[in-house]
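This report concerns only the one structure given below.
A note on names: the letters A, B, ... follow the listed sequences, proteins ahead of strands, and every chain is numbered from 1. Small disclaimer: the values here were computed from a predicted structure and weren't measured.
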Number of protein chains: 2
Amino acid sequence: MTTLSPSGPVAGQRKVRRATMNDVARLAGVSIKTVSRVVNDEPGVHPSTAERVLAAIDQLGFRRNLSARNLRRGSSTGTIGLVLEDVGNPFYSGVTRAVEEIARLRGRQVISGSSDEDPSRERELALEFCSRRVDGLLIVPAGLQHSYLVPEMRAGTPVVFLDRPAGDVVADTVLVDNIGGTVEAVTHLAAHGHRRIAFLGDAPDIFTANERLRGYREGCVRAGIGYHEELVAMGPHDESSVRTTLQRLQSMREPATAIVAGNNRITVYILRALAGVAERPALVGFDDFELADLLSPPVTVIAHDASALGKAATDLLFARLDGDNSPPRRVVLPVRLVPRGSGEVHA
Amino acid sequence: MTTLSPSGPVAGQRKVRRATMNDVARLAGVSIKTVSRVVNDEPGVHPSTAERVLAAIDQLGFRRNLSARNLRRGSSTGTIGLVLEDVGNPFYSGVTRAVEEIARLRGRQVISGSSDEDPSRERELALEFCSRRVDGLLIVPAGLQHSYLVPEMRAGTPVVFLDRPAGDVVADTVLVDNIGGTVEAVTHLAAHGHRRIAFLGDAPDIFTANERLRGYREGCVRAGIGYHEELVAMGPHDESSVRTTLQRLQSMREPATAIVAGNNRITVYILRALAGVAERPALVGFDDFELADLLSPPVTVIAHDASALGKAATDLLFARLDGDNSPPRRVVLPVRLVPRGSGEVHA
DNA sequence: CCGCTGGGGGACAACGTTGTCATAGTGGGC
DNA sequence: GCCCACTATGACAACGTTGTCCCCCAGCGG
């Protein structure tokens, strides 16, 4: 294997205009249309001509300009846009992976961006993607205002919302069963004798956080242990706010003996706060996470599948691209409680 | 907040041709060029005219077509391409996040794709991105053949390789100090009295795996404990291969008393295999991972920063885009040993 | 009244491709 | 020898923008 020396591909010589079909045509001594035919594997080109063209393409390092192609053809740009909260979060990177996978099978590229829970950032990203004429849009909504998407949807860009519903637009949506999950968590803990079950959730203006709170409440009522305001702490949370919340919960007249954590981040904060503490409350976390089974005690979670979420949303999007124009659908994916130990501690 | 009813943005009416500047111009009673001026905030348009144009834009839901714009201007498409192994891997999603972050500051979008360690897939992705005329390319190489990029680089697309060097092209590269890291791991273990230290690494044709093996060997020599073939098991690994390897290592005449794990995946496999085992060997893992500090014992690792890697590579790329045409650089980022417990067990 | 200036606006070509249609040449059947 | 069918190829317009250049007209100084 020879290493190509700097004389070749070095950063030195910049802006060497890219070869176009025109250049190829000139070099091969044919018309530009013939080059187009060769590049697109269209029939009706004599093998020997095709060979000349291919040689010219190779010599010039020609690569078809997709912008021009898409412009001319007016059809698909072969891209789909993905707006999520944070690619760095393992949950969303799982979603991203699934989206990418399916997009690939359908010959599409994925453009993605993180909104960081900022509605204006989400909007900026989504509209930017629309300017790029993505074939469709997958959005984890950061706010409640999505009417800015109406012109785009009307213009034929299908949009699917993931993980949370849109605020003020009717569109396809894929959610997980947040309420059912927290109901199950509370029920499970109550079945192990807990009557003082706390809930630590994310900021209540986030749809999933609010739903999970509702599920928690519902679970408490169903279990006959009642809903007590003082056992609930909604975010935004960071490590230290979780720590102080836990202290408060344990120093009450009737301390909490169990906790439901509203998402994977909060679960981790709790685990950190409890590290080394002897008397640990029972714990069930929403969202599964890697290594949960290797902690001691292993962490019981309400699990749902990031890739299933991504897949369901992308499938829905492609169905729209394939011409499905039935009324918007709302898909709710099931969750399941995975008992591992931390939630099976008796009160 | 009113919910827009199906009469509006429903999937029903499809392919309503998108408004162009022409449509806007007609509606506003101006020429298309004036619309262009308004859209691009160019001076020389009377305020009242601009207002009419903006109203028309709003009414038609016009959004400028970036493909056409980029084609006409011939300059930047405002995108950079990122090819990595797997966005689903927390390490790479950290990289992705950092890349996105910086790209955003520079007004660029990121298109990404996972190669799954398949060279042809990597090539396919990279060339696809080139067809889209990305402004630059960030690649975690999957193989050793990258001469296919030469025409692209020659045509002015800067390329930066991340995490691993390219096989046969001279280009900017950002690596982590793989050798130094494993040397340090072995030295650390030897300092705790271990003389039978095993190494479980990824497939040896992966650059990082090979480098880490070299570091391991070097560390063994420096520590005066010698390099013993039978203590090394290179991958590809999965959970069961790790399990059998561990059994082999422990049933030797002189069993291994310590292990160096070649990457985060292997570390996790080892942890799973050791779960519940009483007599555990000391362990140092390459790559840090979330919750490593909460396991028992907490896992000692060679840590390096995914976001630092992404940032360094992206900075390098933008420097090239800003016209830097100095010779290709190779940046090696430091790693550091984070002692947490699993590596401080005495032999 | 003339010429000049400058602000506001438009006509037109071009970016790189592809769809449509036309044409030159070739060979075969009568 | 004539017409037809067919293959191989090319000319040209068009996609939606933007850069260049040009024009019109109001206002102003002389």
By the 4.0 Å heavy-atom rule, please label [X] as base, sugar-phosphate, or nothing.
{"X": "B:Val45", "answer": "sugar-phosphate"}
{"X": "B:Thr49", "answer": "sugar-phosphate"}
{"X": "B:Asn40", "answer": "sugar-phosphate"}

(request) Taking atom CD of B:Glu42 as the centre, report whether more than 12 heavy atoms of other residues, nucleotides or ligands fall under 6.0 Å from it. (result) yes

Could you check how far [atom1] of [X] sits from [atom2] of [N], rounded to whole Å?
{"X": "A:Lys33", "N": "D:dG10", "atom1": "NZ", "atom2": "C1'", "answer": "10 Å"}
{"X": "A:Glu42", "N": "D:dA8", "atom1": "CD", "atom2": "C1'", "answer": "13 Å"}
{"X": "A:Ile32", "N": "D:dA8", "atom1": "CD1", "atom2": "C1'", "answer": "18 Å"}
{"X": "A:Arg37", "N": "D:dA11", "atom1": "CZ", "atom2": "C1'", "answer": "11 Å"}

Are the charged groups of [X] and [Y] less than 4.0 angstrom apart, N to O?
{"X": "A:Arg104", "Y": "B:Asp116", "answer": "no"}
{"X": "B:Asp135", "Y": "B:Arg106", "answer": "no"}
{"X": "A:Arg123", "Y": "A:Glu152", "answer": "no"}

(request) Could you tell me whether the side chain of A:Thr77 and the main chain of A:Arg133 form a donor-acceptor pair under 3.5 Å? (result) yes

(request) Would you please name every residue forming a side chain to side chain donor-acceptor pair (under 3.5 Å) with B:Ser307, sequence neighbours left out? (result) B:Asp305

(message) Assuming nearest nucleotide by heavy-atom distance, tell me which of A:Thr20 and B:Gly44 is located more 5' along DNA chain C.
(response) B:Gly44

(message) Distance under 4.0 Å to a non-hydrogen atom of chain B counts as contact; along DNA chain C, which nucleotides mark the start and end?
(response) C:dG8 to C:dG16

